[in-house]
Amino acid sequence: VQLQAYGGGLGQAGGSLRLSCAASGRTFSSRAVAWFRQGPGKEREFVSAITWKGSKTYYTDSVRGRFTITRVNTKNTVYLQMNSLKPEDTAVYYCARRPGIPTTKGYEYDSWGQGTQVTVSS
């Protein structure tokens, strides 16, 4: 399976962006999907995740209440709606998938997208 993350770009503080993660080849079915990000000079960090049915979602504290993760399995796509953007959200955002339940550990994911740059200006 190949994952493609897109939808990044330049946003303003307080604004919104929506990221998409599309799967080709095999589907997302029965796979949890997560978003991670890596800011300049920072380590990669967990952002959000969703179970394969979409019944449970998870967020890191810094984005909870601002970001929303959803998925449409019939479209093999997972979305990350990012509202109330902050300059500290600037990062390359990656989507990843794994079997079973979501985790916050990147090494537990077996497929990764190429990343999409999000830059938030103040």
Side-chain angles (χ1 to χ4, degrees):
V1 63
Q2 289 187 334
L3 305 183
Q4 183 178 5
Y6 58 95
L10 179 63
Q12 291 188 333
S16 299
L17 286 172
R18 188 176 79 159
L19 305 183
S20 300
C21 177
S24 60
R26 299 173 67 179
T27 68
F28 273 141
S29 294
S30 302
R31 296 292 187 271
V33 176
W35 288 94
F36 291 80
R37 67 186 180 186
Q38 186 166 17
K42 299 180 180 180
E43 294 185 352
R44 183 179 62 193
E45 65 171 346
F46 169 82
V47 176
S48 180
I50 188 167
T51 55
W52 77 273
K53 287 186 177 181
S55 56
K56 293 186 178 180
T57 57
Y58 306 83
Y59 301 94
T60 191
D61 287 346
S62 62
V63 308
R64 186 174 291 111
R66 300 189 298 121
F67 291 10
T68 302
I69 188 170
T70 57
R71 66 190 297 164
V72 180
N73 287 339
T74 55
K75 294 184 177 181
N76 293 327
T77 304
V78 173
Y79 304 96
L80 185 68
Q81 178 67 42
M82 306 187 296
N83 298 330
S84 302
L85 287 167
K86 301 178 179 181
E88 50 264 43
D89 295 321
T90 295
V92 178
Y93 284 72
Y94 301 89
C95 60
R97 49 154 263 177
R98 71 180 303 274
I101 63 174
T103 73
T104 63
K105 303 296 191 293
Y107 62 81
E108 294 181 335
Y109 288 76
D110 56 12
S111 295
W112 289 78
Q114 83 288 1
T116 184
Q117 175 71 47
V118 171
T119 303
V120 182
S121 62
S122 58

Inset, instruction - For residues 81-122, pull every pair meeting disulfide (SG to SG under 2.5 Å), keeping only residues two or more places apart or in separate chains. - result: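 Counting only pairs at least two positions apart or across chains, the disulfide (SG to SG under 2.5 Å) contacts touching residues 81-122 are C21-C95.
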Inset, instruction - Provide the full list of disulfide (SG to SG under 2.5 Å) pairs with a residue in residues 36-70, sequence neighbours left out, each pair given once. - result: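 Applying disulfide (SG to SG under 2.5 Å) to every pair that reaches into residues 36-70, excluding sequence neighbours, yields nothing.
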Going by the side chain to side chain donor-acceptor pair (under 3.5 Å) test, which pairs reach into [range], not counting sequence neighbours?
| range | value |
| --- | --- |
| residues 3-15 | none |
| residues 113-122 | Q117-T119 |
| residues 38-50 | R37-E45 |

Inset, instruction - List, by chain and then residue number, the residues other than F36 in its hydrophobic cluster (Ile/Leu/Val/Met/Phe/Trp/Tyr, side-chain heavy atoms under 4.5 Å); write none if there are no others. - result: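 Hydrophobic cluster check, F36: joined to F46, Y58, V92, Y94, Y109, W112.
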[X]: partners by side chain to side chain donor-acceptor pair (under 3.5 Å), with sequence neighbours left out:
| X | answer |
| --- | --- |
| T70 | none |
| T104 | none |
| R98 | none |
| R64 | D61 |

Inset, instruction - Would you give the length of the straight line joining atom CD1 of I50 to atom CZ of R71, rounded to the nearest 0.5 angstrom? - result: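 If we round to the nearest 0.5 Å, I50:CD1 and R71:CZ are 6.0 Å apart.
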Inset, instruction - Supply the atom-to-atom distance Y93 OH to L80 CG, rounded to the nearest 0.5 angstrom. - result: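 Atom-to-atom, Y93:OH and L80:CG are 7.5 Å apart.
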Inset, instruction - Please list, chain by chain and in numerical order, all residues satisfying side-chain contact (heavy atoms from CB on, under 4.5 Å) with L85, sequence neighbours excluded. - result: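 Once residues adjacent in sequence are excluded, the partners of L85 under the side-chain contact (heavy atoms from CB on, under 4.5 Å) criterion are L17, F67, M82, D89, V120.
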Legend entry - With Y59 via ring-ring contact (aromatic ring centres under 6.0 Å, His included) - residues at least two apart: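 Here no residue qualifies.
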